Amino acid sequence: MQLDADKRLCAAAGGAGRYFADAAGLANDDVSGLQSAIVAVCNREVERIGSSQRLEVTVTRTADRIEVVVIRRATDGIGADSEEQGMIAGVDRVQHEIRAEMAITRLTKYVGEQAFAG
């Protein structure tokens with residue numbers, strides 16, 4: 001989905017993640033945690049883009065995980081620095097990179113046996 005630079009739209013991305021997590025059979029705390037993480041990342045990225053830019057948000061479910069990819073133009077040079085590499089509550093893995101002037105944040109929540117492997 002593509003989101004305009006409006007924080008109110010971040011709830012839609014969180015809702016999509018919530019649906020995928022619920023359908024995967026995750027516990028309520030994990031479902032809410034993933035939803036909150038997605039909304040928080042989208043809000044942060046909306047603050048970094050201009051009013052004429054958009055976020056691209058993709059939520060994907062595979063057999064062992066839910067992945068959320070948030071992409072924006074990297075006009076501020078922020079996205080892959082050490083400060084950005086910290087964990088985000090509600091997900092199991094966070095990856096940041098800048099590729100072809102695009103800042104990419106990938107959130108991964110493991111489901112099934114992977115979720116318990118840590």
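Keep in mind that the numbers below use all heavy atoms, side chains included, and drop hydrogens, waters and symmetry copies. Worth saying up front: this structure is predicted, and the values here are computed from it rather than measured.
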Non-hydrogen side-chain atoms of Ile38 and Leu107 separated by less than 4.5 Å: yes

Just list the side-chain donor-acceptor pairs under 3.5 Å for residues 4-16, sequence neighbours left out, or say none.
unit_1 : atom_1 : unit_2 : atom_2 : d
Asp4   : OD1    : Arg54  : NE     : 2.8
Asp6   : OD1    : Arg8   : N      : 2.9
Asp6   : OD1    : Arg8   : NE     : 3.0
Asp6   : OD2    : Arg8   : NE     : 3.2
Asp6   : OD2    : Arg8   : NH2    : 2.6
Lys7   : NZ     : Glu47  : OE2    : 2.5

Minimum-distance pair of heavy atoms, taken over all atoms of Ile66 and Ala24: CD1-CB, 4.4 Å

Flag side-chain contact, heavy atom, 4.5 Å: Val57 against Val69: no

More than 12 heavy atoms from other groups under 6.0 Å of CD on Glu101: no

Distance-minimising heavy-atom pair for Val111 and Ala63: CG2-O, 3.6 Å

Worked verdict on Met102 versus Arg73 for side-chain contact (heavy atoms from CB on, under 4.5 Å): CA-CA 4 Å; Met102 302 303 281; Arg73 290 200 58 68; 3.7 Å; yes

Sequence-distant partners of Arg61, salt bridge (Lys or Arg N to Asp or Glu O under 4.0 Å), two or more places apart: none

Joint cluster assignment, Leu34 & Val39, ILVMFWY side-chain distance < 4.5 Å: no

Close side-chain approach of Arg106 to Val68, heavy-atom, < 4.5 Å: no

Residue from Glu45, His96, Glu56 passing side chain to side chain contact (heavy atoms under 4.5 Å, CB included) with Val70: Glu45

Derivation of the side-chain contact (heavy atoms from CB on, under 4.5 Å) call for Leu55 and Ile71: CA-CA 6 Å; Leu55 290 183; Ile71 302 173; over 6 Å; no

Minimum side-chain heavy-atom gap Arg72-Gln53 below 4.5 Å: no

Salt bridge (charged side-chain N to carboxylate O under 4.0 Å, His left out) partners of residues 26-36, not counting sequence neighbours, each pair once: Asp30-Lys109

Residue list, side-chain contact (heavy atoms from CB on, under 4.5 Å) with Arg65, at least two apart or on another chain: Thr62, Glu67, Thr108, Tyr110

Ile88 vs Val41 side-chain heavy atoms within contact, under 4.5 Å: yes

Qualifying residues under side-chain contact (heavy atoms from CB on, under 4.5 Å), relative to Gln35, sequence neighbours excluded: Arg18

Ile98 to Ala74 - nearest heavy-atom pair and separation: CG2-CB, 4.1 Å

